[in-house]
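The block underneath contains the structure these notes are about, expressed in structure tokens.
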Amino acid sequence: MKGKFIVIEGLEGAGKSTAIATVQAWLQAKGLEVICTREPGGTPLAEQLRTLVKQADLQEQIAPETELLLMYASRVQLLRNVIEPALAAGQWILADRHDLSSRAYQGGGRQLADSLINAIRQAVLGQTRPDFTLYLDIDPALGLARAAARGALDRIEQEQLAFFERTRAKYLQIAATEPGIAVIDASQPLAQVQAALVEALEQAAL
Ligand code: Z5A
């Protein structure tokens, strides 16, 4: 039987790392074999693209379209070499970000046209889509404060608050109009976030 593809999404500092541990424990308690991925990254080449795209001291501006293409280059490597073979072998994928991140960050934050992003998605993604997405929703000011407490900010984290507000708005707009995306209030105390994640997974009947 084919495995399932679960994605965790959210702004920085929303608590994705913690959510992944919660979802992983829930899946393992059901005896499921889980592979965790992250984007950008997850293969040797994709990890190099991740380093490039996050690098804070690049000597030139990265054009929004370049950033978008780097995200999809990384994503296709991960899909073809890790995600699709694992799903076909019956393993479950638990992903720290996927396609929705590009739609929110590059579409919302960078204000690239949906038509451009959809054309790239259609051209390169193939048939594989997440079975369920948990979007951790947080006010960007709170998320960035949590992220800043961890240390130096990367290139994207150094963007203005308005960038993250547009990104959040795009996440919420897509979550309100497309099926298979649960919105979790990530500003709650950790125990409540964890309970909300488990409730959403139970309701999703995967
Ligand atoms: N990006 C993009 O633009 N387009 C794309 O297509 C893709 C990505 C795929 C990836 O960086 C960057 O690439 C990201 C989006 C962009 N850029 N930005 N900005 P990353 O993977 O390194 O960064 P991230 O995904 O944003 O992860 P993060 O900063 O590590 O966030 P997190 O995993 O959600 O945070 P966390 O480590 O789980 O939690 C942060 C802190 O908050 C930590 O100290 C926790 O203990 C604390 N925390 C968590 N939950 C709570 C609650 N409920 N209460 C209190 N404190 C909490």
Side-chain angles (χ1 to χ4, degrees), residues 7-24 36-43 46-56 58 62-79 82-83 94-112 114 116-118 120-121 124-125 130 133-168 170-171 174 184-198:
V7 180
I8 311 287
E9 288 279 357
L11 295 180
E12 17 297 309
K16 289 186 301 301
S17 314
T18 325
I20 282 162
T22 303
V23 176
Q24 192 173 12
C36 293
T37 62
R38 71 171 182 181
E39 292 188 32
T43 77
E47 285 294 320
Q48 289 192 42
L49 295 173
R50 175 186 179 90
T51 303
L52 268 178
V53 91
K54 287 173 65 103
Q55 197 174 330
L58 271 182
I62 296 190
E65 292 83 357
T66 308
E67 185 177 88
L68 179 71
L69 291 167
L70 288 172
M71 296 299 178
Y72 277 96
S74 165
R75 180 160 306 128
V76 173
Q77 283 302 108
L78 184 66
L79 267 172
V82 178
I83 295 178
L94 177 52
D96 182 344
R97 301 190 178 281
H98 187 59
D99 191 41
L100 187 53
S101 281
S102 296
R103 300 172 69 193
Y105 280 83
Q106 280 67 52
R110 298 275 183 238
Q111 299 177 290
L112 288 174
D114 288 346
L116 170 66
I117 298 178
N118 286 333
I120 296 172
R121 297 172 71 216
V124 302
L125 285 188
T133 298
L134 291 153
Y135 164 59
L136 298 168
D137 182 53
I138 196 159
D139 183 317
L142 177 55
L144 287 172
R146 286 182 188 170
R150 281 182 321 208
L153 299 177
D154 67 36
R155 187 182 60 84
I156 299 176
E157 286 167 344
Q158 289 175 6
E159 284 296 332
Q160 302 294 311
L161 198 56
F163 168 89
F164 295 102
E165 282 166 349
R166 290 195 299 274
T167 303
R168 181 193 195 190
K170 194 71 167 185
Y171 266 128
I174 295 171
I184 307 290
D185 177 0
S187 67
Q188 305 175 92
L190 201 52
Q192 286 177 34
V193 174
Q194 288 171 321
L197 287 166
V198 169

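For reference, positions follow the sequence shown, starting with 1. For the numbers below, each heavy atom of this structure counts, side chains included, while hydrogens, waters and symmetry mates do not. As the structure lists them, so they are numbered: ligands from 1, and atoms in each ligand from 1.
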- Are there protein heavy-atom neighbours of atom 29 (O) of ligand 1 below 4.0 Å? yes
- Note on the structure: Looking only at heavy atoms, the pair that brings Ile156 and Met71 closest together is CD1-CE, 4.0 Å
- Task: Tell me which part of Met71 gets within contact of ligand 1: side chain, backbone, both or neither, using heavy atoms under 4.0 Å.
- Result: side chain
- Hey, is ligand 1 close enough to Gln188 that some N/O pair sits below 3.5 Å? yes
- Looking at ligand 1, does Arg50 have a heavy atom less than 4.0 Å from it? yes
- Message: Using a 4.0 Å cut-off to any heavy atom of Thr18, which atoms of ligand 1 qualify?
- Response: 38 (O), 49 (C)
- Query: Quick check: does Asp154 get an N/O under 3.5 Å from an N/O on ligand 1?
  - Reply: no
- Does Glu159 approach ligand 1 within less than 4.0 angstrom via side chain, backbone, both or neither, non-hydrogen atoms only? neither
- Distance filter under 4.0 Å to Ile156 heavy atoms, resulting ligand 1 atoms: 3 (O), 13 (O), 16 (C), 17 (N), 18 (N), 19 (N)
- Looking only at N/O atoms, are Glu39 and ligand 1 under 3.5 Å apart anywhere? no
- Query: So is Arg168 actually on top of Tyr171's ring, under 6.0 Å and inside 45° of the axis?
  - Reply: no
- Would you tell me which option among Ser187, Ser17, Gly10, Gly109 has the nearest heavy-atom contact to atom 38 (O) of ligand 1? Ser17
- Task: Taking atom types as modelled, find out whether Glu39 and Ser74 have a side-chain donor-acceptor pair closer than 3.5 angstrom.
- Result: no
- Audit row: Glu47, Arg38, side-chain contact (heavy atoms from CB on, under 4.5 Å) steps and yes/no: CA-CA 9 Å; Glu47 285 294 320; Arg38 71 171 182 181; 2.6 Å; yes
- Item | Ala46 to Gln77 - nearest heavy-atom pair and separation | CB-CB, 4.4 Å
- With a 4.0 Å cut-off, would you call Lys170 and Asp114 a salt bridge? yes
- Item | Mode of Arg97 contact toward ligand 1 - side chain, backbone, both, neither (heavy atoms, under 4.0 Å) | side chain
- Task: Please state whether Arg38 comes within less than 4.0 angstrom of ligand 1, counting heavy atoms only.
- Result: no
- Please determine if Arg150 has a nitrogen or oxygen closer than 3.5 Å to a nitrogen or oxygen of ligand 1. yes
- Query: What atoms of ligand 1 come closer than 4.0 angstrom to any heavy atom of Gln106?
  - Reply: 2 (C), 3 (O), 4 (N), 5 (C), 6 (O)
- Determine, counting only non-hydrogen atoms of the protein, whether one lies under 4.0 angstrom from atom 55 (C) of ligand 1. yes
- Message: Under 4.0 Å, counting heavy atoms only: does Gly13 come that close to any atom of ligand 1?
- Response: yes
- Query: When you measure from atom 49 (C) of ligand 1 to every protein heavy atom, which one gives the shortest distance, and what is it?
  - Reply: Gly15 CA, 3.7 Å
- Heavy-atom protein contact below 4.0 Å for atom 45 (C) of ligand 1: no
- Hey, is the main chain of Leu153 close enough, under 3.5 Å, to the side chain of Gln158 for a donor-acceptor pair? yes
- Note on the structure: What one should report as the nearest heavy-atom pair of Leu58 and Leu52 is CD1-O, 4.0 Å
- Item | Within reach of ligand 1, part of Pro40 (heavy-atom separation under 4.0 Å) | both
- What one should report as the nearest heavy-atom pair of Phe164 and Pro140 is CB-CB, 3.6 Å
- Item | Minimum side-chain heavy-atom gap Leu197-Leu136 below 4.5 Å | yes
- The residue among Arg97, Arg150, Lys54, Arg146 that forms salt bridge (Lys or Arg N to Asp or Glu O under 4.0 Å) with Glu12 is Arg97
- Query: What pairs with Asp96 under side chain to side chain donor-acceptor pair (under 3.5 Å), at least two apart in sequence or on another chain?
  - Reply: none
- Considering distance alone, does some N or O of Asp96 sit under 3.5 Å from an N or O of ligand 1? no
- Please determine if Arg155 and Glu67 form a salt bridge, counting it only when a charged side-chain N lies under 4.0 Å from a carboxylate O. yes
- Message: Tell me whether ligand 1 is touched by Glu67 - counting only heavy atoms on the residue side and a distance under 4.0 Å.
- Response: no
- Message: Among Arg155, Gln194, Lys54, Arg103, which one puts a heavy atom closest to atom 20 (P) of ligand 1?
- Response: Lys54
- Taken to the nearest 0.5 Å, the spacing of Asp137 CG from Leu11 CG works out to 7.5 Å
- Note on the structure: Near Ser102 (heavy-atom distance under 4.0 Å), the atoms of ligand 1 are 5 (C), 6 (O)
- Query: In the protein, what heavy atom is nearest to atom 19 (N) of ligand 1, and what distance, to one decimal place, separates them?
  - Reply: Glu12 OE1, 2.5 Å
